[in-house]
There are 2 protein chains.
Amino acid sequence: MTELVERSSAEVIRAEAAKLFFERGYDATSLRQVAAASGLRVGSLYNHIDSKEHLLLQIMGGIMDDLMGSIRLAIDFDGDAVARLRAALAAHLKFHAERAQEVFIGNAELRSLSEQARDVVIAKRHEYELLLQDLIEEAGRASLADVVDARLHVYSFVAQATHIAGWFKPGGRMSLDEIVEIYTRLALRELKVPEA
Amino acid sequence: MTELVERSSAEVIRAEAAKLFFERGYDATSLRQVAAASGLRVGSLYNHIDSKEHLLLQIMGGIMDDLMGSIRLAIDFDGDAVARLRAALAAHLKFHAERAQEVFIGNAELRSLSEQARDVVIAKRHEYELLLQDLIEEAGRASLADVVDARLHVYSFVAQATHIAGWFKPGGRMSLDEIVEIYTRLALRELKVPEA
DNA sequence: GTCTATATTGCGATAGAC
DNA sequence: GTCTATCGCAATATAGAC
C-alpha cells in the first residue's frame, strides 16, 4: 500500500535545496533555483526560510542530529565493548552512505557558514566524535582492542565514512551491505580486533 | 643564507588564489580579492590568467601532478612490495599534510569545474589511485598482505590522507612525523601486515 | 605590463497587491 | 500563503589610455 504523505513546503524546500547544494555547491546555487525546484517563485521562499544561510544551517544541523540519533540507537543494547563498537561502525557507515548528499554538504560547506553558525555544527560534530571515542577507549580498557591513539582512530573512521559519502551510489559494483561489512572489518583491523 | 627569489606574477596569483579558495571557497572568492592579495587590480589579472575557472584548474591540476611525482619518487628503489608500499604511504600522507590547502581545494572544488575541466582532474586522480592499487595487489600476490579488496583499500588510504588535509596544522598535538607514522601503521594493519 | 572605467549579468532580499 | 516587480549591490570580464 502506498501512502501519499503531504510534505510541508518547508520540508520540500529543504530537500530540494540539499539536492542542489550537493550537486552545485552552496554558493553556486541560487535561491531562484531552489524556488524553481520547489515549485515556487523566489519571493515565496521567504515565507518559509529566514535567509539562504539559515537554510544551509538547518540542513547541516539536521543531518548531525539524525546521525547522532542513529548511532545512539544502534549501541543501545547490552553487549561487550567490541560488539557495541561494531554496531556503531555499521550504523555510522550505513548512515553516511544512505544520506550521502547531506553528509557531503555537512563537510564541504562548513566554510560557507558564518562563524557562529559554524560553531553550532562543529559542537554537534565534536559530540559525535566523543561518542565514538568513548567506545574505542572502552574496548581498549577491556583489552579487546589495541588502541594506538583513540582520537586518530576516530578520525580514521570518520574519514572512511565521509569518503564513502562522496562516491557511493546504489547499484554500483558492491551493495551497501557489502561495503559496510568490508569497511567495518578494516576499521576493526586497525584496532587489531580478531575477526569473528 | 636567505635567498630572495623573484616569483613571477602568475606564481604569486596562483599561490594567493589557492590560499583564498581554501579559506573561503572558490565561489565565495572574488577575483578582486585575488588581485588585492597579489598586489594588483582586477583588470591586471587578465594579463596572467584566462579566466577564474582556468585559474582553479591550474591549481587543481598542479597539485595532482606534484602528488604523482612525489609518490613515484618515493617508491623508486629496490625493495619488496611491503617496503615500497610503506614508503608510498608515508609520502602520500606527508604530501597531503604539507600541502593541505591545495589538497583540500582539489577535493572540495571539483564541482566548481566545468565537465571537461573536471575530467582532466579526475583522470589524474584515477591514475594516482591505480598506482597505489598496484602496490597493494603486488603485496597481496607476494603473500605479504591480506588484501580484502584492493580498490577499497585504496579508497581507505585516500580517505585518511584527505581527512588529514582538512585538520592538520603545524604545531598541533602531534608532529607531522608522528602523524605519518601512526597512520602508516593503521593503514598496514588494514592489510594485516605484521608490524616491524 | 599597469591602471580606471564600464558593460552586462545575476545575486539575496524586500515591498506590496492579491 | 502566493505572486510580480524592484532595490541595491557585487560579480566576471573587457576596453582602452598610459
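Letters A, B, ... are given to chains in the order of the sequence lines, protein chains preceding strands, and every chain is numbered from 1.
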Expressed as a whole number of angstroms, how long is the span from [X]:[atom1] to [N]:[atom2]?
{"X": "A:Gln33", "N": "C:dC11", "atom1": "CD", "atom2": "P", "value": "7 Å"}
{"X": "A:Arg24", "N": "C:dG10", "atom1": "CZ", "atom2": "C1'", "value": "14 Å"}
{"X": "B:Leu40", "N": "C:dT4", "atom1": "CG", "atom2": "P", "value": "11 Å"}

Q | Closest heavy-atom pair and its distance - A:Ser38, A:Val34 | A | OG-O, 2.8 Å
Q | Rounded distance [0.5 Å steps], CE in A:Met68 versus CG in A:Asp66 | A | 11.5 Å
Q. So, do A:Phe157 and A:His92 have ring centers that fall under 6.0 Å from each other?
A.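 Here the rings of A:His92 and A:Phe157 have centres that are no less than 6.0 Å from each other.
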Q) Is there a chain of hydrophobic side chains (I, L, V, M, F, W, Y, each step under 4.5 Å between heavy atoms) that links B:Ile63 to B:Phe168? A) no
Q: Scan nucleotides 12-18 of chain C nucleotide by nucleotide, 5' to 3', and note B when protein non-hydrogen atoms come under 4.0 Å of the base, S if they reach only the sugar-phosphate, - if neither.
A: BBB----
Q. Under the side chain to side chain donor-acceptor pair (under 3.5 Å) test, which residues partner A:Asp119, sequence neighbours left out?
A.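 If we apply the side chain to side chain donor-acceptor pair (under 3.5 Å) test to A:Asp119, skipping adjacent residues, there are no hits.
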